[in-house]
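Below, chains carry the letters A, B, ... as their sequence lines are ordered, and counting in each starts from 1. Values in this document were obtained by computation on a predicted structure and should not be read as measured data.
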Number of protein chains: 2
Amino acid sequence: MPRVTPAARTAPAKRSSEKDASTRELILQTALEAFSLKGFDGASTRSIAAQAGVNQGLIPYYFKTKQTLWREAVDRAFDELHSAMGGLLASEGPSDREAAARMIRVYVAFVASHPEFVRLMNEEGKRTGPRMRWLVDRHVRPLVDGLTTLFSRVADEIGMPKGIDPTHLNYIFVGSVAMIFHQAPECRRVSGVDPLEEREVEAHADALVHLFLGDSTLGR
Amino acid sequence: MPRVTPAARTAPAKRSSEKDASTRELILQTALEAFSLKGFDGASTRSIAAQAGVNQGLIPYYFKTKQTLWREAVDRAFDELHSAMGGLLASEGPSDREAAARMIRVYVAFVASHPEFVRLMNEEGKRTGPRMRWLVDRHVRPLVDGLTTLFSRVADEIGMPKGIDPTHLNYIFVGSVAMIFHQAPECRRVSGVDPLEEREVEAHADALVHLFLGDSTLGR
DNA sequence: GTCTATAATTAGATAGAC
DNA sequence: GTCTATCTAATTATAGAC
């Protein structure tokens, strides 16, 4: 990965994918939000540029094609995941109930503060195509492998269901964590509850710890 | 709701929304699949018509606007839900563990055989807008009310978490059921498992019954 | 009822001024 | 680096032949 020198930040190299800082990053951030909300076809480059407050011509200037913009936005989303989850997905540290509860709470907190991440995963995971294949091969498979390893480690020491296929457990866990945040606008309208409020995020994590790890003093 | 006479099926009334049968129904079915897969903006009426094998001009002929097509497709999806779930969402019958397990299995089976339903809910529930408001007010709120009532009934008699907010429990349940089917293409590529196969559908239901209702003989 | 043809709008990408 | 202007293609909806 190329480093960006202070000089390059005002006079960027032309060949690298790292050019100017602020506008490029602003477009990426806006595009991630738009792609996750409206899908690749539904999000127009014009609307992304308008939302970012820049000209539409800057998108092909920085990213050449819409597909490249999408890929860089996805890379950015997974950068944020890994920096937020840290070593929690790696197989290290203790594997007792407290460690599992901590992992659940960290994951819930990440999804709640990055709903665009789960929207993007759901957007592209629901249909076959070149974007789905790229996303799975580059990002999702390593992530799922890490989760599966994590599950098999904690399953021994807590009251986790024994013979459950890790694939099913994976999607049960991810779905039970993410759905309320993915559907936040619907949830607000149907029930009046804003799941993104800190109180509700904690309530959701509490419920999940209880469901998956049992009642033993509810570990907080 | 207007009934369709045999005469109206070949010479449909012009004012009613029920006109000719086969082509209209074919477009509706195709549109539901397309809207759920690519979203309202991402699914073009041309591609829907092409997929259905009819001319693009037939869509404004039968449905006037794209929005009307979308609404009728959504109505159709909820018709299928209610005919599949039957009285299970109504507050009737026994409320013991076996009844709860049956409800879980029926719901899993419906979602597995109608992934377009959950795709559509996720597609529209993730952002605020006129379609989301229409969908929630017309279909989702009654559905969630039924589920919430059901949860509160069975929570007393089984080992369900006591103090959990029904909204959180709702989304935990729905997410844990639906995510693997919503992400079926991703699941196939990342793990090789096709969650839509009957064996996997049953395995998923087993896992959910175990998770939510506990291990007592696993009730099958 | 189904089609072709087309109008009006919007899409992604390019060219070139500054 | 950012903008305006424009090209080509695709969008929804309409008009009208059959």
What is the distance from [atom1] of [X] to [atom2] of [N], rounded to the nearest Å?
{"X": "Lys66(A)", "N": "dT14(C)", "atom1": "NZ", "atom2": "C1'", "result": "17 Å"}
{"X": "Leu58(B)", "N": "dC18(D)", "atom1": "CG", "atom2": "C1'", "result": "14 Å"}
{"X": "Ile59(B)", "N": "dA10(D)", "atom1": "CD1", "atom2": "P", "result": "17 Å"}

Reported CG-to-OG1 distance for the pair Asn55(B) and Thr23(B), which is rounded to 0.5 angstrom: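 Nearest 0.5 Å value for the CG-OG1 distance: 11.5 Å.
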
Test of understanding: with ring-ring contact (aromatic ring centres under 6.0 Å, His included), list the residues that count as partners of Tyr107(A), not counting sequence neighbours.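 By the ring-ring contact (aromatic ring centres under 6.0 Å, His included) rule, Tyr107(A) matches Phe173(A).
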
Counting side-chain heavy atoms from CB outward, which of dT2(D), dT14(D), dT14(C) is closest to Pro60(B)?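 The listed nucleotide nearest to Pro60(B)'s side chain is dT14(D).
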
Side chain of Tyr62(B), heavy atoms from C-beta onward: which of dT2(C), dA13(C), dT2(D) has the nearest atom to it?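 Closest nucleotide to the Tyr62(B) side chain: dT2(C).
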
Report the residues that fulfil salt bridge (charged side-chain N to carboxylate O under 4.0 Å, His left out) with Asp41(B), sequence neighbours left out, ordered by chain and then residue number.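 Applying salt bridge (charged side-chain N to carboxylate O under 4.0 Å, His left out) to Asp41(B) gives Lys38(A).
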
Give, ordered by number, those residues of residues 36-57 of chain A having at least one heavy-atom distance below 4.0 Å to an atom of DNA chain C; if nothing qualifies, reply none.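 Those residues are Ala43(A), Ser44(A), Thr45(A), Arg46(A), Gln56(A).
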
Output yes when at least one side-chain N/O atom of Tyr61(A) is less than 4.0 Å from OP1 or OP2 of dA13(C), else no.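 Tyr61(A) to dA13(C) OP1/OP2: no side-chain N or O under 4.0 Å.
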
dT2(C) OP1/OP2 closer than 4.0 Å to side-chain N/O of Thr23(B):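 Affirmative; the distance criterion is met.
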
Partners meeting side-chain hydrogen bond (donor to acceptor under 3.5 Å, both in side chains) with His168(A) (sequence neighbours left out):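 With neighbours one apart ignored, the set is Glu200(B), His204(B).
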
Residue list, side-chain hydrogen bond (donor to acceptor under 3.5 Å, both in side chains) with Arg46(A), at least two apart or on another chain: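 Result, side-chain hydrogen bond (donor to acceptor under 3.5 Å, both in side chains) vs Arg46(A): none returned.
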
Enumerate the salt bridge (charged side-chain N to carboxylate O under 4.0 Å, His left out) contacts for residues 175-192 of chain B, please, sequence neighbours excluded, ordered by first and then second residue.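 Sorted result for residues 175-192 of chain B: Asp137(A)-Arg189(B), Arg188(B)-Asp194(B).
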
